[in-house]
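Single-structure report; data block below.
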Amino acid sequence: MYDQEKIKPYGKQGDKGQLVEEMFDNIAPTYDALNHRLSWDIDKGWRRKAIGLLAPFHPQSILDIATGTGDFAILAAQMLHPEKLVGADISEGMMSIGKEKVRKLGLDNVVSFKKEDCMAMSFADNTFDAVTAAFGIRNFQDLDKGLKEMCRVLKKGGHLCIAELTTPVSFPMKQLFHIYSHTFLPIYGKLISKDSSAYSYLTATIEAFPQGERMMEILKKAGFSKVSFKRLTFGICTLYFAEK
């Protein structure tokens, strides 16, 4: 078990998947605005860089895991022009916002949403040309199991692209990020979302999540090859790219 798997929303005992679903349903109405404010909109650039890694391969079927309100899925549809893109998540509250955004943008014929448990997805083996995940896999109940599922539904030769929040490793950003994530982020998150502990939980999972070379080894163990990573914005975000 990895450290972040032990951390559960609200400090409750019980199934982590159900607790994560409850938390994201609670913060769904304010999630988008708060994310952009807390990152000073830098998160939009991170998504673009991640999707840009897939562009040379022209994937026509894409699965976006932990899609949330669909920001990554929508941008991928706009940049990559796939035939179909499925956003999967356990939170109906988050996806309902994503569905409305997709409808307003006229992307209904490309982007769809499906409630899925990422530990045991309903998709057949070798279904998608690409699998993506932005800022969600650190919430997995079982990281190894979730990554193996992502590998299972990916076609041979297909690509995995993950963007995840991480802790900077160098002075002074490491120290500054620690101060920011432990003071401003949970206080501001509580004020806007009205959820007293959600953003403290998110900070804890960022710090506990395996990153860099360690994450590369975990991805290889899950069945991926040609694994690489790149740190962005002093290491606040890390992109992982791999092939099946």
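The chain is numbered in sequence order, starting from 1.
Side chain of Y201 to main chain of V20: no donor-acceptor pair is present (N/O by atom type, distance under 3.5 Å, no hydrogens or angles). Remark: the backbone N or O of G158 is not paired with any side-chain donor or acceptor of D129 at under 3.5 angstrom. Between the side chain of T238 and the backbone N or O of T166, no donor-acceptor pair lies under 3.5 Å.
Salt bridge D43/R47: present, at least one basic N to carboxylate O contact under 4.0 Å. The pair E21-K16 does not count as a salt bridge, with every side-chain nitrogen at least 4.0 angstrom from each carboxylate oxygen. Between R103 and D108 there is no salt bridge, since no side-chain nitrogen of the basic residue lies less than 4.0 Å from a carboxylate oxygen of the acidic one. Salt bridge status for K101 with D71: present, with a side-chain N to carboxylate O gap under 4.0 Å.
In the model, K114 has a side-chain atom that pairs as donor or acceptor with a side-chain atom of S122 under 3.5 Å.
Residue D89 holds its CG atom at 6.5 Å from OG1 of T67, rounded to the nearest 0.5 Å. Within the model, atoms CD of E5 and CZ of F140 stand 10.5 Å from one another, a figure rounded to the nearest 0.5 Å.
In this structure the side chain of R138 reaches within 4.5 angstrom of the side chain of F135, judged on heavy atoms.
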Name each donor-acceptor pair under 3.5 Å that joins a side chain in residues 92-99 to protein atoms two or more places apart or in another chain, with its distance.
| residue | atom | partner | partner atom | Å |
| --- | --- | --- | --- | --- |
| S96 | OG | E92 | O | 3.4 |
| S96 | OG | G93 | O | 2.8 |

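Heavy atoms of other residues, nucleotides or ligands lying less than 6.0 angstrom from NZ of K230 number 12 at most.
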